[in-house]
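Everything numeric here is computed off the predicted structure, so don't read it as measured data.
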Amino acid sequence: MAENGDQLGIKPVAEALRLAEEQNVDLVEIAPLANPPVCKLMDYGKFRYREQKKAHEAKLKQKQIQVKEIKFRPGTDEGDYKIKLGKLIQFLEEGDKAKVTLRFRGREMAHQEFGVRLLERVRKDLDAVGLVEQFPKLEGRQMVMVLAPKRKGPAPKVAKPKEPKEPKEPKEAKAAKPAAPPKRQAA
């Protein structure tokens, strides 16, 4: 195959090398296992440079996902809760994961249900922007829950179950049905 993409057909190796030398390009073997092997006339240095550029561009377009952490306490008040919830929403909308840590101190360990309720409230409030990746679990004196952002783009289509329709009766069947008896009137 020539550098511009034209097929040159089957050529002996010596002739292919001579063509490459005449055009001042390299003879590159593309498919060595094919019968006969497929080669291409190209400037290999330029080809490698372009491939490196493509790989570099792809690397720049990738987003590094970070795990951001927000710490709560079982007694976190409403104002602080709303500020921390706003930060969690911001992290999830930016595409980062969020780690919600709930720290228990002293006698708070005896009443873990307050912490569980708080984490459930966080999960419910973030339902629109994030999914629970790791459900709350106790690690020592801390309860940890990890949230991941919901995928952007069109929402997945959910097939609605169709309600079964009543089978239609043929016209002849309707005519064959006896008429309902007349209603009696009260005297």
Query raised in the report: Does K137 reach the side chain of M145, with side-chain heavy atoms less than 4.5 Å apart?
Result: no
Report task. Would you name the heavy atoms of D127 and K150 that are closest together and state the gap between them? Result -> O-NZ, 2.7 Å
Query - Chi angles and distances behind the salt bridge (Lys or Arg N to Asp or Glu O under 4.0 Å) call for E57, K53 - result: CA-CA 6 Å; E57 290 293 323; K53 280 290 191 189; over 6 Å; no
Query raised in the report: Same cluster for F135 and L119 if Ile/Leu/Val/Met/Phe/Trp/Tyr side chains link at under 4.5 Å?
Result: yes
Report task. Any chance you could measure Q112, atom CD, to F104, atom CZ, to the nearest 0.5 Å? Result -> 5.0 Å
Report task. Examine V100 and F91 and state if one hydrophobic cluster contains both, with Ile, Leu, Val, Met, Phe, Trp and Tyr joined whenever side-chain heavy atoms are less than 4.5 Å apart. Result -> yes
Query raised in the report: Quick check: are there more than 12 heavy atoms from other residues, nucleotides or ligands sitting under 6.0 Å from CD of E29?
Result: yes
**Report entry** L147 side chain reached by E133 side chain, heavy atoms, under 4.5 Å
**Finding:** no
Report task. Give the intermediate values and the outcome of salt bridge (Lys or Arg N to Asp or Glu O under 4.0 Å) for residues K54 and E51. Result -> CA-CA 5 Å; K54 282 183 191 174; E51 289 297 311; 3.8 Å; yes
Query raised in the report: Going from CD on Q142 to CG on L138, what distance comes out if it is rounded to the nearest 0.5 angstrom?
Result: 9.0 Å
**Report entry** Hydrophobic cluster identity match, L17 and L41, side-chain contacts under 4.5 Å
**Finding:** yes
Query raised in the report: About how many Å separate CE of M42 and CD of Q23, when rounded to the nearest 0.5 Å?
Result: 12.5 Å
Query raised in the report: Considering all heavy atoms of both residues, which atom of D26 and which atom of G45 are nearest to each other, and what is their separation?
Result: OD2-N, 4.4 Å
Query raised in the report: Which value, rounded to the nearest 0.5 Å, describes the distance between L131 atom CG and L126 atom CG?
Result: 10.5 Å
Query raised in the report: Can a salt bridge be assigned to the pair R103 and E108 using a cut-off of 4.0 Å between side-chain N and carboxylate O?
Result: no
Requested in this report: Would you give the length of the straight line joining atom CG of L118 to atom CD of E113, rounded to the nearest 0.5 angstrom?
Outcome: 12.5 Å
Report summary line: Rounded to the nearest 0.5 angstrom, the CD-CG distance for E15 and L8 is 9.0 Å
**Report entry** Pair E120 + R123: basic N to acidic O under 4.0 Å
**Finding:** yes
Query raised in the report: Looking only at side chains, do E69 and T101 share a donor and an acceptor under 3.5 Å apart?
Result: yes
Query - Test: R121 cationic atom under 6.0 Å from Y81 six-membered ring centre, within 45° of axis - result: yes
Query raised in the report: Side chain of D96, backbone of K68: donor and acceptor closer than 3.5 Å?
Result: no
Query raised in the report: Is any side-chain heavy atom of R50 closer than 4.5 Å to a side-chain heavy atom of K46?
Result: yes
**Report entry** P74 side chain reached by L102 side chain, heavy atoms, under 4.5 Å
**Finding:** yes
Query raised in the report: Same hydrophobic cluster for V144 and I70, using side-chain heavy-atom links shorter than 4.5 Å among ILVMFWY?
Result: no
Query - More than 12 heavy atoms of other groups within 6.0 Å of L60 CG - result: yes
Report task. For residues C39 and L27, report the shortest heavy-atom separation together with the two atoms involved. Result -> CB-CD1, 3.7 Å
**Report entry** Lys NZ or Arg CZ of K84 over F72 ring: under 6.0 Å, within 45°
**Finding:** yes
Requested in this report: Could you state whether M143 and M109 fall into the same hydrophobic cluster, counting links through intermediate Ile, Leu, Val, Met, Phe, Trp or Tyr residues with side-chain heavy atoms under 4.5 angstrom apart?
Outcome: yes
